[in-house]
Enquirer: 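The structure's right below; bear with me while I get my questions together.
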Amino acid sequence: MTADLSTAPGALTTAADTAPSVVQSVGWLAIAPPTLTALAALLVLVADLFLPEHRKKLLGYGTLTALAAALALLIPLRAGDRATFCVTTGTQACSYTADHFALVIQALVLGGAFLTALLSLDDTRKLPAGEYWFLLLASAAGAALLPASRDLATLVVALEVASLPAFALVGIKRGDRRSSEAALKFFLSSVVATAVMLLGVSFVYATTGTLHLTEIAAHLDDVPPALDTLAKTGVVLTLVGFAFKTAAAPFHFWVPDTYVGAPLPIAAYLSVVGKTVGFTGLILVTVVAFPSYADVWGPAVAVLAALTMTVGNVAALRQRADRARSAVRLLAWSSVAQAGYLLVPIAAAAYSSDEQIGSTVAYALMYAVVNLGAFAVAALVARTKPGNRITDYRGLYATRPLAALALGFFLLCLAGLPPGIIGLFAKVTVFSAAVDAGLGWLAVVMAVNVVIALYYYLQWTAILFRSPDAVDATGGTQASTEDATTGTRASGTPPRFRAPAPLTTAIALTAAAGILLSGAPQVVLRFAAVTLF
């Protein structure tokens, strides 16, 4: 990728003529997906200044078009053999690599952002449209940049570009105290985690003298004894920042309040795209940059996995079905538990081989599809039941049978039960990764947690198909209470309304994807197995 220097015939050859060029070439096609997304964000922000209020919806359609175009730009890169911003002297280290791993994660996060935009099209009436779509695209651009990042500087910048707009999106409901508190808690805790991570990055740089992940791995193989403690401290502190982004316990405390306070589409976005960004960064720093210190991060990630899945499932069990926004809160705690399962193959990679990471990728693909689908149905129910209690879903099959069937399918996928075959296969793959790595104790903890999770997933599924006037667990009937917000019955047959087309499309797309994956789960698992670096 170095530029050739030529001299005129007969000219004297100088040191400048023979020295290699330090100018890095740019592979525009390689960086096209995140670049297009970022440019679309700027275009939306400018267009917002000139569009009248009644045409603001065009910004949403423009966002959908930009995200679809960014996804299409991944097709020419499918060979996974492109890299750019490479060092031109001495080594072949590159800052941006469009390999198979990066392309799969980019497809996941851009697809997640596309579905979030679909959910948001009819949910931004009371929100500043221009700012909303700009922030969503800006965050998606950072999320698409991160999996291709191969140096710590680019990795941290991408992580913050994905995170900072998310803070604003959580608190974008002006005048809503719950939204403001959620954004503030999310922001403050994230800033602290980022500061700790940057301290760790500085320690790693002081030890190795480089920021490129592959170069860090080479230098950490032979660290002087005097710097060994500094290197280990840097590794641990770097992991803390990514543990926060993945909502791993005990860094998960921001999740429930943030999901409840944020607009529902943004809660869905954080649960899938935000989590994927965190796991991608964690994979890159552990497997690519710190393999020499697997004895340090391996046990730490294994303990985090066990603690995270246990805390998430136990907290989900304690949710009261009649509590306001209990449906979103339950999905939030479920997301914490799912993060624990996603951590298992990363821990296993420290004890066996990098191939275990394919299990995390496969599980993330399954989780992204079904969790976005569950949030889409929750957004549909919230149209008539703003309280979004789990009890509000009683008898959903009687009024919206297709939505009830879709949500039931999504919940069974998360539980790992038929007909959610893809959820079962993904859990078995993760379980096998732990067993193959010799982490029998972690496999046992996972098995226990899967059984615990069955209770609340099946309980919610059963509520969907109960009679609308069924007697609740406390002995009272739900059919006679009034919803203070809408003035309609809190249960029973709600007023019929026409579901917005974008919302219906999002549910249909996620349900179709889940059914296809359940019909051929081996395709996902085989596909994930070849997405390594």
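Just so you know, these numbers use all the heavy atoms, side chains as well, and skip hydrogens, waters and symmetry mates.
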Enquirer: Checking W254 side chain against F251 main chain: does a donor-acceptor pair fall under 3.5 Å?
Expert: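 Yes; at least one donor-acceptor contact below 3.5 Å.
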Enquirer: Could you give the distance from CG (L103) to CG (L73), rounded to the nearest 0.5 Å?
Expert: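 If we round to the nearest 0.5 Å, L103:CG and L73:CG are 11.5 Å apart.
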Enquirer: What is the distance from atom CG of L169 to atom CG of L135, rounded to the nearest 0.5 Å?
Expert: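 Rounded to the nearest 0.5 Å, the CG-CG separation comes to 4.5 Å.
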Enquirer: Does a side-chain heavy-atom distance below 4.5 Å link Y96 with L145?
Expert: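 Of all side-chain heavy-atom pairs linking L145 with Y96, at least one is under 4.5 Å.
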Enquirer: For V288 versus A217, what's the shortest heavy-atom pair and its separation?
Expert: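 Nearest heavy atoms, V288 then A217: O-CB, 3.3 Å.
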Enquirer: S352: which residues meet the side-chain hydrogen bond (donor to acceptor under 3.5 Å, both in side chains) condition with it, sequence neighbours left out?
Expert: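 Applying side-chain hydrogen bond (donor to acceptor under 3.5 Å, both in side chains) to S352 gives Q356.
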Enquirer: For residues Y259 and S271, is any side-chain donor paired with an opposing acceptor at under 3.5 Å?
Expert: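 On atom types as modelled, these side chains do not qualify, holding no pair under 3.5 Å.
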Enquirer: Checking L155 against V285 for the side chain to side chain contact (heavy atoms under 4.5 Å, CB included) test, could you report, in this order, the C-alpha distance in whole Å, the side-chain angles of both residues, the deciding distance, and whether it holds?
Expert: CA-CA 9 Å; L155 200 62; V285 297; 3.5 Å; yes
Enquirer: Please determine whether a side-chain nitrogen of the Lys or Arg among E131 and R174 lies less than 4.0 Å from a carboxylate oxygen of the Asp or Glu.
Expert: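 Answer for the salt bridge query: yes.
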Enquirer: Does a side-chain heavy-atom distance below 4.5 Å link F290 with I216?
Expert: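 Yes, their side chains come closer than 4.5 Å.
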Enquirer: Just wondering, do L110 and P33 contact through their side chains at under 4.5 Å, heavy atoms?
Expert: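 Of all side-chain heavy-atom pairs linking L110 with P33, at least one is under 4.5 Å.
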Enquirer: Measure the CG-CG distance between D257 and L184 for me, rounded to the nearest 0.5 Å.
Expert: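 Those atoms lie 11.5 Å apart.
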Enquirer: If you count every heavy atom of other residues, nucleotides or ligands that lies below 6.0 Å from F253 atom CZ, does the total exceed 12?
Expert: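 Buried by this count: over 12 neighbours within 6.0 Å.
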Enquirer: Is there a donor in the side chain of E160 and an acceptor in the side chain of T194, or the other way round, less than 3.5 Å apart?
Expert: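 Note: E160 and T194 side chains meet the donor-acceptor criterion.
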Enquirer: Quick one: are the ring centres of F167 and F186 less than 6.0 Å apart?
Expert: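 Centroid separation for F167 and F186: below 6.0 Å.
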Enquirer: Are C94 and T84 close enough that some pair of their side-chain heavy atoms sits under 4.5 Å apart?
Expert: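 Side-chain contact under 4.5 Å: no.
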Enquirer: Do L237 and T233 have side-chain heavy atoms sitting under 4.5 Å apart?
Expert: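 They are in contact (side-chain heavy atoms under 4.5 Å apart), so the answer is yes.
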Enquirer: Out of V277, V170, T116, which residue meets the side chain to side chain contact (heavy atoms under 4.5 Å, CB included) rule with L270?
Expert: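 Answer to the side chain to side chain contact (heavy atoms under 4.5 Å, CB included) test with L270 among V277, V170, T116: V170.
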Enquirer: Could you state the interatomic distance from OG (S190) to CG (L164), rounded to the nearest 0.5 Å?
Expert: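 Atom-to-atom, S190:OG and L164:CG are 7.5 Å apart.
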Enquirer: State, to 0.1 Å, how close P34 and Q106 come at their nearest heavy-atom pair, and which atoms those are.
Expert: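 Answer, listing the atom of P34 first, then Q106: CD-NE2, 4.2 Å.
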Enquirer: Start with the C-alpha distance between S334 and Y457, add both sets of side-chain angles, then the distance that settles side chain to side chain donor-acceptor pair (under 3.5 Å), and finish with yes or no.
Expert: CA-CA 9 Å; S334 164; Y457 285 131; 2.4 Å; yes
Enquirer: Would you say the side chains of S180 and K173 form a donor-acceptor pair under 3.5 Å?
Expert: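 No, K173 and S180 have no side-chain donor paired with an acceptor closer than 3.5 Å.
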Enquirer: After noting the C-alpha distance and the side-chain angles of M446 and K427, does the key distance pass the side chain to side chain contact (heavy atoms under 4.5 Å, CB included) rule?
Expert: CA-CA 9 Å; M446 178 181 174; K427 280 187 168 57; 4.3 Å; yes
Enquirer: If every non-hydrogen atom of L36 is compared with every non-hydrogen atom of A66, which pair is closest and at what distance?
Expert: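 Here L36 and A66 meet closest at CD2-O, 4.0 Å.
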Enquirer: State which residues pass ring-ring contact (aromatic ring centres under 6.0 Å, His included) with H212; sequence neighbours excluded, sorted by chain then number.
Expert: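 In terms of ring-ring contact (aromatic ring centres under 6.0 Å, His included), with neighbours along the sequence ignored, H212 is linked to no residue.
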Enquirer: For H219 and T214, indicate whether the former's side chain and the latter's backbone hold a donor-acceptor pair under 3.5 Å.
Expert: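 No, because the side chain of H219 does not come within donor-acceptor range (under 3.5 Å) of the backbone of T214.
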Enquirer: Kindly say whether R320 contributes a backbone atom to a donor-acceptor pair with the side chain of R323 at under 3.5 angstrom?
Expert: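 No, because the side chain of R323 does not come within donor-acceptor range (under 3.5 Å) of the backbone of R320.
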Enquirer: Find the distance between CG (L517) and OG1 (T510) and round it off to the nearest 0.5 Å.
Expert: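 Interatomic distance, L517 CG to T510 OG1, rounded to 0.5 Å: 11.0 Å.
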Enquirer: Heavy atoms, side chains only, cut-off 4.5 Å: are Y367 and C413 in contact?
Expert: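 Not in contact.
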Enquirer: Carefully, step by step, assess S120 and Y132 under the rule side chain to side chain donor-acceptor pair (under 3.5 Å).
Expert: CA-CA 9 Å; S120 305; Y132 183 90; 2.6 Å; yes
Enquirer: Has the side chain of S202 got a donor or acceptor atom that lies under 3.5 Å from a matching backbone atom of L199?
Expert: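 It does hold such a pair.
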Enquirer: Do you know which two heavy atoms are closest between A332 and V255, and how far apart they sit?
Expert: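 It is O-CG1, 3.8 Å.
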Enquirer: If the threshold is 4.0 Å, N to carboxylate O, is there a salt bridge linking K185 and E181?
Expert: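 No, this pair does not count.
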Enquirer: Could you tell me whether a side-chain N or O of Q319 sits under 3.5 Å from a main-chain N or O of A315, the two making a donor and an acceptor?
Expert: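 Indeed, once roles are kept as given, a pair shorter than 3.5 Å links the two residues.
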Enquirer: Any donor-acceptor pair under 3.5 Å linking the side chain of T208 with the backbone of T210?
Expert: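 Yes, because the side chain of T208 sits within donor-acceptor range (under 3.5 Å) of the backbone of T210.
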Enquirer: Going through the distances and angles, do V344 and M309 end up as a side chain to side chain contact (heavy atoms under 4.5 Å, CB included)?
Expert: CA-CA 10 Å; V344 172; M309 65 179 74; 3.7 Å; yes
Enquirer: Would you say the rings of Y456 and W333 are close, in the sense that their centroids are separated by under 6.0 Å?
Expert: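 No.
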Enquirer: Heavy atoms, side chains only, cut-off 4.5 Å: are L136 and P165 in contact?
Expert: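 They are not in contact (no side-chain heavy atoms under 4.5 Å apart), so the answer is no.
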Enquirer: Is the shortest side-chain heavy-atom distance between L284 and F242 below 4.5 Å?
Expert: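 Of all side-chain heavy-atom pairs linking F242 with L284, none is under 4.5 Å.
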Enquirer: Roughly how far, to the nearest 0.5 Å, is the CG atom of N313 from the CG atom of L454?
Expert: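 L454 atom CG to N313 atom CG measures 9.5 Å (nearest 0.5 Å).
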Enquirer: Got a salt bridge between D99 and R82, using NZ or NE/NH1/NH2 to carboxylate O under 4.0 Å?
Expert: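 The answer is no: the pair does not qualify as a salt bridge.
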Enquirer: Any chance you could lay out the side chain to side chain contact (heavy atoms under 4.5 Å, CB included) test for L230 and V204, step after step, and finish with the verdict?
Expert: CA-CA 8 Å; L230 183 66; V204 171; over 6 Å; no
Enquirer: Checking S335 against K275 for the side chain to side chain donor-acceptor pair (under 3.5 Å) test, could you report, in this order, the C-alpha distance in whole Å, the side-chain angles of both residues, the deciding distance, and whether it holds?
Expert: CA-CA 9 Å; S335 133; K275 194 177 298 297; 3.3 Å; yes
Enquirer: Which heavy atom of W297 sits nearest a heavy atom of V287, and at what distance?
Expert: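 Reported closest heavy-atom pair: CZ2-N, 4.4 Å.
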Enquirer: Looking only at non-hydrogen atoms, find the nearest pair between V273 and A143 and report the distance.
Expert: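 So the two residues come closest at CG1-CB, 3.8 Å.
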Enquirer: Using a distance-only test with no angle check, is there a side-chain donor-acceptor pair under 3.5 angstrom linking K245 and S163?
Expert: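 Present: a donor and an acceptor within the cut-off.
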Enquirer: If you measure only the distance, is there a donor-acceptor pair under 3.5 Å linking the side chains of Y293 and D228?
Expert: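 A pair is found: one side chain offers a donor N or O, the other an acceptor, under 3.5 Å apart.
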Enquirer: Any donor-acceptor pair under 3.5 Å linking the side-chain atoms of T310 with those of N449?
Expert: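 Side-chain D/A pair, N449 to T310: present.
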Enquirer: Do the side chain of T308 and the main chain of L304 share a donor and acceptor less than 3.5 angstrom apart?
Expert: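 Yes, because the side chain of T308 sits within donor-acceptor range (under 3.5 Å) of the backbone of L304.
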